[in-house]
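Accompanying notes for the structure given below.
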Amino acid sequence: MLLPSETAAQTTVDTLAAFKVVAPRALSAKRVSSMMLNEFGDGMGLRGLRDATLIGNETIALIDWGQPQVQLFAYTGEGKGEIGRKGRAIGELSAPHQVVSCGNGNVTVLDIENRAVVEFSRDGLLHFSLPLVAPPQTIACWPTGDAVAVFVRADSLGALRANVWPLDTLDVPPVPLLSTDAGETLLLGARLQIGASTRGVWYGTGNTPEINFQPWPRGELRVDSVGVAGRPVLQVQRTSAIEVLLAEAPATPVMQQQLRMELQRAPMRKTLPAYRAVRVDAVTGDAWVVTSPAGRTRLEVTVLSASGNARGQIQLPGGWELLSVRNGEALVLAEDDNGRGTRLTVYRLEGFAAGR
């Protein structure tokens with residue numbers, strides 16, 4: 001791994017010895033908010049959820065398939081404003097794909113159709129709009145508090161490799177902040193997962209149970225072990241994963257069926273990854289690592305601390321995807337208790353001293 005330049009913002013961390021965290025303990029979480037998608041915005045509802053993130057003060061920033069902007073909602077579902085507007089001009093949004101809120105307090109959006117990364121303050125003021133010839137596969141947070149771009153490309157041997165670069169240097173890319181194996185990109189397969197707080201960077205593919213933690217700005221690499229690798233893929237898991245993907249897609253019934261057929265023909269891993277998502281709490285510095293297979297309606301999560309002294313496991317019922325973590329709260333895309341549709345649920349961790 002290549003560390004960021006020493007001239008970047010410095011954050012004091014302890015130098016950590018390389019070791020594997022052990023002795024997990026059971027954690028519990030309280031459901032503090034749960035809303036059906038059609039209950040948001042005074043009954044106007046959402047057409048479908050593309051992405052969402054917690055931004056503090058009991059506020060959720062989300063992208064609805066039917067609206068080319070970022071919408072803000074309270075945990076009660078009450079609308080709290082909008083960020084961005086539809087268009088092709090600088091700072092406008094056409095098909096927002098991903099939204100993150102990093103430690104700098106801003107809201108950063110990846111717009112696939114406009115081929116741009118756009119960043120706003122939380123009150124909607126435009127900070128920058130960065131046009132890209134080839135947009136990144138994803139954006140992530142870095143310990144500086146800024147969003148960074150993650151590009152996955154095949155190397156000279158055909159292996160997929162992920163390179164992470166600062167957004168303000170993409171025209172003339174310097175040495176990457178991080179360059180690593182990107183893993184597989186098949187349905188239910190492992191791929192690079194990355195997240196960071198001011199304490200350090202977590203990253204790994206899930207191909208093995210190992211996940212790396214690199215302290216910021218420098219320190220000895222630590223390797224933690226999570227999940228169970230090598231579990232065989234069952235047809236029911238494949239079917240469930242496809243249905244989850246379909247539920248998130250903005251499509252007519254005919255389009256849904258076409259998409260279902262395409263997914264059913266997609267290549268398939270023979271074994272499940274050890275973990276499939278990493279969400280890092282920018283406030284506490286903890287990493288929430290999802291170890292349950294895609295398609296499960298119960299999220300199994302391992303919580304790792306940056307110090308390596310705390311580890312716990314938690315199960316969140318009804319969960320499909322862990323979207324965001326902030327200050328001990330987790331935003332989860334979940335199935336309704338009665339099977340009526342999709343919910344956005346916020347859980348708050350209990351009985352756990354995060355980050356210690």
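Residue pairs that meet the disulfide bond (SG atoms under 2.5 Å apart) test with at least one member in residues 109-195, sequence neighbours left out, are Cys102-Cys141. For residues 182-215, there are no disulfide bond (SG atoms under 2.5 Å apart) pairs, not counting sequence neighbours. Counting only residues at least two apart or on different chains, no salt bridge (Lys or Arg N to Asp or Glu O under 4.0 Å) pair has a member in residues 155-165. Residue pairs satisfying the salt bridge (Lys or Arg N to Asp or Glu O under 4.0 Å) criterion with at least one member in residues 82-100, sequence neighbours excluded, are listed as follows: Arg85-Glu92, Arg88-Glu113. Residue pairs that meet the side chain to side chain donor-acceptor pair (under 3.5 Å) test with at least one member in residues 127-136, sequence neighbours left out, are Asn106-His127. Applying the salt bridge (Lys or Arg N to Asp or Glu O under 4.0 Å) test to pairs two or more places apart or on separate chains, those with a residue in residues 323-334 are Glu329-Arg348.
The hydrophobic clustering, which links ILVMFWY residues whose side-chain heavy atoms are closer than 4.5 Å, places Val117 and Ile90 apart. Grouping the Ile, Leu, Val, Met, Phe, Trp and Tyr side chains by contacts below 4.5 angstrom, directly or via other members, places Leu234 apart from Ile242. Each of Leu304 and Val228 belongs to its own hydrophobic cluster when Ile, Leu, Val, Met, Phe, Trp and Tyr are linked at side-chain heavy-atom distances under 4.5 angstrom. In the hydrophobic clustering of ILVMFWY residues, with side-chain heavy atoms under 4.5 Å counting as a link, Trp165 and Phe128 come out together. Hydrophobic clustering of Ile, Leu, Val, Met, Phe, Trp and Tyr side chains at less than 4.5 Å, counting indirect connections, unites Val32 with Leu62.
At a threshold of 4.5 Å between non-hydrogen side-chain atoms, the residues Thr59 and Leu54 do not count as touching. Looking only at side-chain heavy atoms (C-beta outward), Pro293 and Arg231 come within less than 4.5 Å of each other. Within the 4.5 Å cutoff, the side chain of Glu58 has no heavy atoms near those of the Ser33 side chain.
In terms of the salt bridge (Lys or Arg N to Asp or Glu O under 4.0 Å) criterion, Arg115 has no residue partners (sequence neighbours excluded). For the ring-ring contact (aromatic ring centres under 6.0 Å, His included) test, no residue two or more places apart in sequence or in another chain qualifies with Trp288. The salt bridge (Lys or Arg N to Asp or Glu O under 4.0 Å) test applied to Arg343 returns Asp336, not counting sequence neighbours.
Other cluster members for Phe120: Ile55, Ile63, Val70, Leu72, Ile83, Leu93, Val99, Val107, Val109, Val118, Leu126, joined by side-chain heavy-atom distances under 4.5 Å among Ile, Leu, Val, Met, Phe, Trp and Tyr. Cluster note: Leu186 groups with no other residue, as no ILVMFWY side-chain heavy atom lies under 4.5 Å from it. Under the 4.5 angstrom side-chain criterion for Ile, Leu, Val, Met, Phe, Trp and Tyr, Val133 has no cluster partners at all.
At a cut-off of 3.5 Å, with distance as the only test, a side-chain donor of Asn163 or Ser179 sits close to an acceptor on the other residue.
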*Between Glu321 and Arg296, does a salt bridge (charged side-chain N to carboxylate O under 4.0 Å, His left out) hold up when you go through it step by step?*
CA-CA 9 Å; Glu321 296 292 338; Arg296 288 278 182 90; over 6 Å; no
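Rounded to the nearest 0.5 angstrom, Asp181 CG and Arg191 CZ are separated by 13.5 Å. Distance CG/Asp224 to OH/Tyr275: 10.0 Å, rounded to 0.5 Å. To the nearest 0.5 Å, atoms CG (Leu46) and CZ (Phe73) are separated by 5.0 Å. A distance of 9.5 Å separates NE2 of His97 from CD of Gln137, quoted to the nearest 0.5 Å. One distance of note links CE of Met35 with OG1 of Thr342; it measures 14.0 Å at 0.5 Å rounding. Distance check, rounded to the nearest 0.5 Å: OG of Ser94 to CD1 of Ile112 gives 11.0 Å.
Within 6.0 Å of CG in Asp123 there are more than 12 heavy atoms belonging to other residues, nucleotides or ligands.
The aromatic rings of Trp142 and Trp216 lie perpendicular to each other, with more than 60° between the two planes, well past the 30° mark.
For the pair Asn327 (side chain) and Val283 (backbone), a donor-acceptor distance under 3.5 Å is absent.
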